[in-house]
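Everything numeric in this text was worked out from a predicted model, so none of it was measured. Positions are given from 1, in the same order as the sequence printed here.
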Amino acid sequence: MSTSSRLPYLAVSAASGLLFGAGLYISQMVDPLKVLRFLDFGAIPTGGWDPSLAFVIVPAIAVMFAAVRLGRRRAAPAFEVRFHEPAYKKIDAPLVIGSALFGVGWGMSGICPGPAIALIAFWPSNILVFLLALFVGSYAGGLFTNSSHSRRLALAR
């Protein structure tokens, strides 16, 4: 990245972070109870299920879908020399197992890692324990699974 494009790149990154953080709070994605009520499909028969977060997810998917489609018409991003697409797209056991563990952790706590970072601003009583466990779990996962870039590429091909 050239020096002349560094400042605009950082400005766009800052604006994106501000929009994302504000969106998390406005949509209540940082409220673990709101998230848990959305994930509790068993409460549908009793009327206790809260589908409102679908109104966050669906527009987000639509906006990202449009952004990717528009971006692919360009030769390169505005502030980078090339697009950074995933190098491999294989659905394998580590992906499925990791996704399941992520889902269980999210379902148990109601805190997703992205919103957890935003929650630091208000320092709820459980955030330190959650973040510490998140880092320990990430480190432990790295001990059990070699997730190096070159190894994953070789397995995906």
Side-chain angles (χ1 to χ4, degrees), residues 1 3 5-43 49-50 52-54 56-61 63-65 67-68 71 76-157:
M1 178 181 306
T3 307
S5 66
R6 182 122 176 101
L7 185 58
Y9 176 83
L10 292 174
V12 169
S13 295
S16 298
L18 286 170
L19 285 171
F20 185 71
L24 286 172
Y25 277 96
I26 292 168
S27 67
Q28 301 175 14
M29 285 286 296
V30 294
D31 180 359
L33 289 176
K34 179 95 170 160
V35 174
L36 288 172
R37 288 184 192 116
F38 173 72
L39 296 173
D40 186 8
F41 295 113
W49 180 59
D50 181 359
S52 62
L53 290 185
V56 175
I57 294 166
V58 172
I61 291 170
V63 168
M64 195 61 208
F65 179 81
V68 169
F79 304 115
E80 188 61 80
V81 294
R82 66 180 178 85
F83 286 104
H84 299 278
E85 299 270 337
Y88 46 88
K89 300 171 182 164
K90 184 178 179 183
I91 297 174
D92 56 5
L95 175 66
V96 172
I97 293 167
S99 299
L101 290 172
F102 175 87
V104 168
W106 188 16
M108 287 173 62
S109 67
I111 303 173
C112 184
I117 293 167
L119 274 173
I120 293 171
F122 293 94
W123 207 256
S125 61
N126 64 337
I127 195 67
L128 187 60
V129 172
F130 176 82
L131 290 173
L132 180 62
L134 175 70
F135 293 131
V136 169
S138 295
Y139 183 77
L143 294 175
F144 292 111
T145 303
N146 179 2
S147 60
S148 72
H149 181 72
S150 58
R151 179 181 177 276
R152 294 288 307 244
L153 270 178
L155 290 173
R157 292 186 177 153

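Nearest approach of A116 to F130, heavy atoms of both residues: CB-CE2, 3.4 Å. L95 and I91 make their closest contact through CD2-CA, 3.9 Å (heavy atoms, listed as atom of the first residue, atom of the second, distance). Of all the heavy atoms in A121 and Y25, the pair that sits closest is CB-OH, 4.3 Å. Of all the heavy atoms in F102 and P113, the pair that sits closest is CE1-CD, 3.5 Å. Here the closest non-hydrogen pair linking D40 and W49 is O-CD1, 3.3 Å. Here the closest heavy-atom approach between residue A118 and residue L24 is recorded as CB-CD1, 3.8 Å.
At least one side-chain heavy atom of I57 sits less than 4.5 Å from a side-chain heavy atom of F38.
Atom CG of residue L39 and atom CE of residue M108 lie 13.5 Å apart, to the nearest 0.5 angstrom.
Identified under the salt bridge (Lys or Arg N to Asp or Glu O under 4.0 Å) test for residues 97-119, with sequence neighbours left out: none.
Only one option out of L119, I120, V136, I111 pairs with L131 in a side-chain contact (heavy atoms from CB on, under 4.5 Å); it is I120.
Here S13 pairs with Y9 under the side chain to side chain contact (heavy atoms under 4.5 Å, CB included) rule; sequence neighbours left out. With sequence neighbours left out, L128 forms a side chain to side chain contact (heavy atoms under 4.5 Å, CB included) with W123.
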**side chain to side chain contact (heavy atoms under 4.5 Å, CB included) evaluation trace for I117 with F20** = CA-CA 11 Å; I117 293 167; F20 185 71; over 6 Å; no
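Within a 6.0 Å radius of OH in Y139, no more than 12 heavy atoms belonging to other residues, nucleotides or ligands are found.
Counting only N and O atoms by type, the side chains of K34 and S52 include a donor and acceptor under 3.5 Å apart.
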